Amino acid sequence: MASLSDLEAAIDELLDHPLGAAHFQLVTQTAEKAYEAYVFGLCLRAAREVGAVPELRGIAASPVPFVFRGGPGKIFSDLRNYGYAYFAMNGQGFEVHLNVEFKGTSGMLHELDVSILRHVDANKCRTRSIDPSTASLIAGWECKFYGGRLDKNLGRAFVGLIDDMGANVRLSGMCSNSTHPQLRDYFRPARRPHPHFLLTPLNKSNEDVFVNVLKAELKKATSS
Amino acid sequence: METNEFNDRQALDMLLTKLGERAPEIMLAVQEAINGGAFELVERKNGDAVGQNYGVRRLSDKEALMVALGVVRSFVVEVPKFVSSAEESIKLSNLGEPSSEGRDGPWNLMAVSRAVGDSLRIRIDDQTEERFIGEADTAWELSVDHDQVKTAEERMTKLYKLACIDQGAEWLR
């Protein structure tokens with residue numbers, strides 16, 4: 001039978017942990033970015049599982065340290081040596097980026113938290129200092145870390161964003177460590193983004209679903 | 001059945017008090033989850049024939065406690081796991097050179113890891129690019145120890161079992 005003081009001790013023990021209270025300020029400010037980095041890592045896993053060898057690159061130099069964008073940015077940005085990953089499959093090159101802006105069919109710029117685009121197009125954009133068009137985009141994901149509830153307005157906004165990306169986008173999805181039953185229903189119709197809810201290292205089966213969906217799409221995109 | 005000397009309300013109050021003292025940002029996230037969003041996440045058991053139905057009702061003390069613990073777990077266990085998972089995946093990749101043309105070269109990640117310390121550092125800017133200009137070193141460097149992640153998870157599980165002794169392993173999100 002546990003007492004209130006037992007409970008207090010257990011809470012203190014957790015908050016005293018090196019990843020506990022002292023870490024909180026750091027993680028609350030970067031939790032969402034850490035989540036994007038996690039989804040980025042899942043994309044690399046999918047590439048590896050289809051036989052590709054992801055290679056880390058930086059815009060201007062070797063990517064050490066590997067720098068993730070903290071906000072929307074240009075693919076050709078030279079403000080910092082932002083990192084991305086390159087991989088090739090069946091003779092076609094792809095790049096995985098974070099927080100890169102794309103030019104929608106309306107001309108409006110949209111940021112995708114995690115995206116995969118064709119390497120040849122990405123290179124052109126860096127050379128010419130232009131934003132990538134939707135034609136270069138293979139896949140894009142919105143990533144939301146939520147300690148509590150998931151805001152359903154985010155889902156509606158992402159559907160609008162993907163709609164402006166045109167018909168070339170092969171794969172899109174909304175990833176979150178949280179869930180929302182109504183949003184799950186909202187994403188159910190065909191052509192809507194995949195709802196990758198409860199996508200977290202604590203749920204291996206949901207990780208596998210994400211990776212397998214991407215693997216299937218990469219295979220389709222590169223089949224001869 | 002084993003019971004605690006405290007009830008769910010007391011456990012929730014204790015958790016909120018401690019978070020308020022030591023991790024106020026997490027407490028705000030907990031309160032948001034309990035007071036706002038969690039209400040509409042409750043699925044009605046007796047939805048109509050057309051499809052699922054979602055209702056709004058006040059959470060019980062037990063549900064609120066479980067929501068609160070779920071939020072704490074998100075920050076204490078999940079976020080470090082995001083970082084360690086990303087690190088692991090990144091370490092399995094080759095290291096290229098600047099973007100114009102990747103170079104296979106002699107680089108590999110382990111060599112680089114030794115060059116920069118114990119592990120490849122992952123930096124995450126805390127600025128948008130526009131704000132970033134002129135603020136050279138504001139990026140966070142995130143790196144977590146895998147053993148620490150494991151022990152944090154163990155302490156979280158211990159707290160959960162202590163607070164929700166009769167609830168099995170189901171977390172409310």
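This one's a predicted model, so the numbers in the text were calculated from it and none came from an experiment. In the text below, chain A, chain B and the rest are named by the order of the sequence lines, each starting its count at 1.
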Against chain A, label [X] side chain, backbone, both or neither, depending on which of its atoms sit under 4.5 Å from a heavy atom there.
| X | answer |
| --- | --- |
| B:Glu153 | side chain |
| B:Thr151 | both |
| B:Val30 | neither |

- [ ] With A:Arg57 as the cation and A:Tyr86 as the aromatic partner, state whether NZ or CZ is under 6.0 Å from the six-membered ring centre and within 45° of the axis.
- [x]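 The answer is yes, since A:Arg57 meets both limits relative to A:Tyr86.
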Task: Residue pair A:Phe158, A:Leu112: steps toward the side chain to side chain contact (heavy atoms under 4.5 Å, CB included) verdict - done: CA-CA 9 Å; A:Phe158 188 59; A:Leu112 285 170; 4.0 Å; yes
Task: ring-ring contact (aromatic ring centres under 6.0 Å, His included) against A:Tyr35, all qualifying residues, sequence neighbours excluded - done: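 If we apply the ring-ring contact (aromatic ring centres under 6.0 Å, His included) test to A:Tyr35, skipping adjacent residues, the hits are A:Tyr38, B:Phe82.
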TODO: Check whether any side-chain heavy atom of A:Leu14 lies under 4.5 Å from a side-chain heavy atom of B:Lys158, and answer yes or no.
DONE: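 A:Leu14 vs B:Lys158: side chains apart.
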Open item on the list: Please identify, among A:Ala122, A:Gly83, A:Pro201, the residue contributing the most non-hydrogen atom pairs under 4.5 Å to chain B.
Closed with: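 The option with the most such pairs is A:Pro201.
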